[in-house]
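See below for the structure under consideration.
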Amino acid sequence: MTKKMWKQHDLKKHYDIVIIGGGAHGLATAYYLSKMGVRDVAVLEAKYIGYGGSGRNTAILRSNYRTEEGIRFYDQSIQLYENLSQELDFNLMFSQQGHFTLGHTEASVSGLTTRAENNKALGVDSYMLDPIEIKKMLPEIDISDHPRYPVLAALYHPPGGIIRHDAVVWGYARGAEQGGVEIHNLTTVGEIRTEKNKIKGVQTNRGFVSCNKLISVVAGWSSDVCAMAGIELPFVTHPLQALVTESYKPWLHHVVVSSNLHIYLSQTDRGELVCGGGIDGYPHYGMRSTLAFLETYAAHVLELFPVLHNVKVQRQWAGLCDMTPDYSPIISPIDEIEGFYVNGGWGTYGFKASPASGYNSAQMLAQGKVPANIAPFSYNRFRENRLVGEKAAASVSN
Ligand code: PYC
């Protein structure tokens with residue numbers, strides 16, 4: 001009989017730690033907690049694991065950020081990803097094929113050059129390429145002056161690449177389960193209870209569960225969950241759309257992002273092109289695809305790769321992103337409620353953060369101390385005017 005990677009459990013009345021959200025961040029948090037010997041942990045997922053952003057992203061990994069805080073954090077994530085298949089004994093198909101961010105204006109080339117220098121200063125492999133060098137590595141790209149925005153230069157980041165996002169979710173889930181964590185699908189949290197500014201537990205569709213510590217790790221739904229605890233954080237939720245084409249023989253061997261054209265694409269091992277753009281321009285919670293996105297994406301990608309004019313689109317989808325004003329996440333204990341923690345605000349760049357997010361969140365929960373790599377991401381930065389302005393390093397400068 002096939003062995004299940006995680007089981008169905010009865011929901012206990014009490015856990016030491018409850019994690020709301022069964023995406024890659026929540027499951028990674030559970031996995032690293034179990035590795036630290038913390039076993040009385042439940043992951044509560046309203047739908048099924050990987051239903052949210054973890055199953056809807058375009059699986060791009062990179063650490064070529066702009067700020068020192070961002071570079072250190074995402075570099076830690078890439079380093080954890082590099083050993084993760086082995087550690088979880090699960091093939092995550094991490095292909096470190098290199099990552100281009102194209103610049104089409106003087107301003108964007110200047111921003112990319114700053115990132116290359118900041119990356120180098122912190123030991124992250126990134127450098128600038130001119131159009132001839134770009135063309136050697138991406139033979140199908142149009143570097144002529146015909147496009148509306150000709151390619152002027154690129155930031156090239158060799159350690160960047162793509163991974164099988166579902167496998168990351170399943171690998172962490174299996175690892176967490178093996179470590180004694182309970183994963184509860186179809187378990188909706190409708191209320192967060194506190195007493196004297198201390199966390200008491202959560203009311204779910206399967207009954208009340210008390211806990212000593214509660215963390216919200218729900219990406220686009222962060223505002224809703226925080227509101228249940230009476231906490232308002234500066235999240236705004238926007239959908240991010242993506243699409244996948246039919247399979248073609250391998251021709252694109254690197255991830256390509258254009259910050260000015262607001263597009264990115266990569267080719268999977270199966271030959272499909274996985275494509276995405278910027279967030280929808282106004283906040284909402286809809287997860288529907290639009291023709292406007294498809295038309296804009298097609299118009300922009302054809303400027304760069306005219307060879308794609310006959311490509312057939314197979315599917316479109318959308319996911320929810322909780323954006324913060326400085327485009328950096330919030331991973332933090334909440335001072336107003338003892339035992340309540342928030343991990344959110346991942347915008348369009350959360351999936352690549354899963355290992356570092358989980359690793360540091362686990363330490364924060366288990367040791368009651370905020371690790372140095374996530375200390376800059378406290379929500380107090382918005383009161384104290386210590387923003388971590390990562391705006392120019394969002395994949396397509398959302
Ligand atoms: O930040 O690398 C990124 C990214 C890729 C797709 C969406 N965001």
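Atoms within each ligand, like the ligands themselves, are counted from 1 in listed order. When a residue number appears, it is its place in the shown sequence, counting from 1.
One finds the CD atom of E117 at 9.5 Å from the CE atom of M128 (value rounded to the nearest 0.5 Å).
Near K352, with a cut-off below 4.0 Å to any heavy atom, the atoms of ligand 1 are 1 (O), 2 (O), 3 (C), 4 (C). Atom numbering of ligand 1 starts at 1 in the shown order; those under 4.0 Å from a heavy atom of I60 are 2 (O), 5 (C). Numbered from 1 in the order shown, with element, the atoms of ligand 1 that lie under 4.0 Å from a heavy atom of T58 read 6 (C). The contact set between ligand 1 and R62, taken as ligand atoms under 4.0 Å from a residue heavy atom, comprises 1 (O), 2 (O), 3 (C).
Using 4.0 Å as the threshold, H99 has no heavy atom nearer than that to any atom of ligand 1.
Y51 and Y48 have perpendicular rings, their planes meeting at more than 60° on a 0 to 90° scale where under 30° would count as parallel. In this pair, Y172 and Y31 present their aromatic rings tilted. The plane angle is within the 30 to 60° band.
Sorted by first and then second residue, the ring-ring contact (aromatic ring centres under 6.0 Å, His included) pairs involving residues 216-252 (not counting sequence neighbours) are W251-F305.
Here's the thing with T348: one of its N/O atoms is less than 3.5 angstrom from an N/O atom of ligand 1.
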Show which side-chain atoms of residues 360-367 pair as donor or acceptor with protein atoms under 3.5 Å away, not counting sequence neighbours.
from : atom 1 : to   : atom 2 : distance (Å)
N360 : ND2    : Q76  : OE1    : 3.0
N360 : ND2    : A356 : O      : 2.8
S361 : OG     : N343 : ND2    : 3.0
S361 : OG     : S357 : O      : 2.7

